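All chains are named by letter (A, B, ...) in the order of the sequence lines, taking the proteins before the strands, and each is independently numbered beginning at 1. Predicted model only: the values in this text are computed from it and were never measured.
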2 protein chains.
Amino acid sequence: MTHQDKSLAATEDMADTFGALSLVMLDDTDLRHAWRINFLANFFTGPVYRHLGEKFGITRPEFVILYCLEHMPGLVAQDICRVTGQPKNSISRAVSDLLEKGYVRRGTDPEDKRAKPLTLTEVGWSILEHVSPIVKARQDAMRAALTDEELAQFDCLLRKMVFAMPDWVTPE
Amino acid sequence: MTHQDKSLAATEDMADTFGALSLVMLDDTDLRHAWRINFLANFFTGPVYRHLGEKFGITRPEFVILYCLEHMPGLVAQDICRVTGQPKNSISRAVSDLLEKGYVRRGTDPEDKRAKPLTLTEVGWSILEHVSPIVKARQDAMRAALTDEELAQFDCLLRKMVFAMPDWVTPE
DNA sequence: GGAGATTAGTTCAAAATGGAACTTTACAAA
DNA sequence: TTTGTAAAGTTCCATTTTGAACTAATCTCC
């Protein structure tokens with residue numbers, strides 16, 4: 001199949017899956033870059049979090065918290081608010097749910113009695129071992145169309161864009 | 001300022017704005033690509049839609065519908081569901097709100113009496129002329145860190161990724 | 001022509017989300 | 001030392017979102 005044939009097939013697949021409108025929104029609008037990023041984000045997260053909910057009873061905020069704690073034990077709820085942009089009570093409620101489910105434990109901070117450092121429990125680690133591979137597999141599927149070299153380029157450009165966000169994002 | 005100094009400054013800005021956790025989640029995890037895409041999407045859309053809500057009384061679904069109709073008049077609600085992944089009643093309600101606000105009008109399809117083609121009214125065009133530049137400006141800010149050449153590369157890679165989505169996204 | 005499955009859109013009610021107000025704690029300035 | 005402001009987290013309640021059930025219309029198969 002020639003390169004042109006592949007391109008045509010991809011376009012037809014897009015129209016079949018998402019409708020003819022998708023071709024316009026993703027290719028022919030001034031907002032096509034923002035649209036593509038949101039399009040990817042929406043169709044990546046929607047189904048995977050729905051699946052996690054059905055299979056493990058884990059909500060999106062809960063997974064996000066568990067995954068953050070895997071990589072930085074001792075976080076407080078506010079740290080997670082800052083990195084997700086979610087309101088305090090959403091994170092507070094999800095933390096309460098995770099405590100109740102036994103996936104996290106809450107400590108105290110001798111230097112700041114307001115802060116409540118969180119860590120994963122054994123059960124928390126265990127559920128993550130089951131859940132993370134599903135999200136990783138989906139990320140792998142998302143990246144599959146790019147060669148290793150293209151992915152390295154994409155990584156570099158995306159990182160550059162993200163690390164410039166303090167220039168245009170004002171935290172609440 | 002050397003390249004290394006700039007990189008360090010960007011890292012410090014990220015930690016200041018989003019917390020130290022952001023550096024880990026965006027650079028040192030297996031899910032960093034998915035995380036970055038969602039991070040960009042969340043911090044792009046959250047504030048801009050909040051701003052549109054406050055200034056114009058337009059919700060996110062409403063803007064999405066208006067913007068789609070600008071580019072493809074005559075769409076039906078189901079077309080918008082497919083390209084956004086949103087449930088039917090969310091789009092149905094937003095369409096009702098837009099009808100009530102006078103931003104869209106609803107037609108009939110002689111070939112399918114169930115379908116209700118939508119078009120923008122004069123007022124709809126007008127509100128978009130005010131709203132779109134705000135979203136565009138935010139997209140420009142988001143892209144500002146990339147040179148024209150880098151943006152062309154990013155465009156190409158992002159498009160390749162998005163147009164392969166039918167390989168791993170199953171519509172509902 | 002009729003029956004059954006599917007689609008387009010609407011409505012309802014339950015679930016989820018988020019703004020605001022609250023308590024407790026910390027910190028800075030006078 | 002006191003006061004005022006701000007931060008960390010919790011709770012409440014209004015609003016938003018979404019799954020499910022519904023109606024009307026279409027399409028396919030027998």
Side-chain angles (χ1 to χ4, degrees), chain A residues 16 19-21 42-43 45-47 49-54 57-65 68-69 74-100 104-118 171-172, chain B residues 16 19 21 42-43 45-54 57-65 68-69 74-100 104-118 171-172:
Chain A
D16 283 347
L21 175 62
N42 289 343
F43 283 103
T45 62
Y49 285 128
R50 199 171 303 122
H51 178 72
L52 296 191
E54 285 162 4
I58 293 283
T59 65
R60 172 178 185 162
E62 288 170 353
F63 170 73
V64 164
I65 294 167
C68 287
L69 287 173
L75 291 171
V76 299
Q78 178 63 352
D79 295 323
I80 301 166
C81 292
R82 290 178 75 194
V83 84
T84 58
Q86 289 210 282
K88 296 186 289 178
N89 62 350
S90 295
I91 299 301
S92 176
R93 196 175 34 250
V95 166
S96 294
D97 291 341
L98 289 170
L99 286 163
E100 192 169 323
V104 304
R105 73 170 59 81
R106 183 182 262 166
T108 58
D109 185 334
E111 295 187 0
D112 186 341
K113 290 188 175 57
R114 297 171 301 178
K116 297 178 176 176
L118 303 163
E172 284 173 45
Chain B
D16 282 347
L21 176 60
N42 288 343
F43 283 103
T45 61
V48 79
Y49 285 127
R50 198 170 303 121
H51 177 71
L52 297 191
E54 286 161 4
I58 293 284
T59 66
R60 173 180 184 161
E62 287 170 354
F63 170 72
V64 164
I65 293 167
C68 287
L69 288 173
L75 291 171
V76 299
Q78 177 63 350
D79 295 323
I80 302 166
C81 294
R82 292 180 74 195
V83 84
T84 58
Q86 286 210 285
K88 296 186 289 176
N89 61 353
S90 295
I91 299 300
S92 175
R93 196 184 35 260
V95 166
S96 294
D97 290 342
L98 289 170
L99 285 163
E100 193 169 324
V104 304
R105 74 170 59 83
R106 186 182 259 167
T108 57
D109 185 335
E111 295 187 357
D112 187 341
K113 289 187 176 56
R114 299 171 299 178
K116 297 178 176 175
L118 304 164
E172 286 173 45

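Taking atom OH of Tyr49(A) as the reference point, atom C1' of dT17(D) lies 18 Å away to the nearest angstrom. The separation between Asp109(B) atom CG and dT7(C) atom P is 17 Å, rounded to whole Å. Distance Asp97(B) CG to dT15(D) P: 14 Å, rounded to the nearest Å. Atom CD of Glu54(B) is separated from atom P of dT15(D) by 16 Å (rounded to the nearest Å). Rounded to an integer number of Å, the gap from Gln86(A) CD to dT17(C) P is 7 Å. Here dG9(C) presents its P atom at 12 Å from CZ of Arg82(B), a figure rounded to the nearest Å. Atom-to-atom, CD1 of Ile91(B) to P of dT16(D) comes out at 15 Å; the value is rounded to the nearest Å. The NZ-P distance, from Lys113(A) to dT10(D), rounds to 17 Å in whole Å.
Among residues two or more places apart in sequence or in another chain, the side chain to side chain contact (heavy atoms under 4.5 Å, CB included) test is passed with Arg106(A) by Val95(A), Leu99(A), Lys116(A), Leu118(A). With sequence neighbours left out, the salt bridge (charged side-chain N to carboxylate O under 4.0 Å, His left out) criterion links Asp16(B) to no other residue.
Here Arg106(B) lies in heavy-atom contact (under 4.0 Å) with sugar-phosphate atoms only. Counting any heavy atom pair closer than 4.0 Å across all strands shown, Arg60(B) reaches no nucleic acid atom.
For the pair Arg93(A) and Glu111(A), nearest-nucleotide mapping onto DNA chain C gives the more 5' position to Arg93(A). Between Ser92(A) and Arg50(A), the residue whose closest nucleotide on DNA chain D is further toward the 5' end is Ser92(A).
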For nucleotides 6-8 of chain D, print each protein N/O atom paired with a nucleotide N/O atom at under 3.5 Å, atom names and distance only.
unit_1: dA7(D); atom_1: N3; unit_2: Arg114(A); atom_2: NH1; d: 2.7

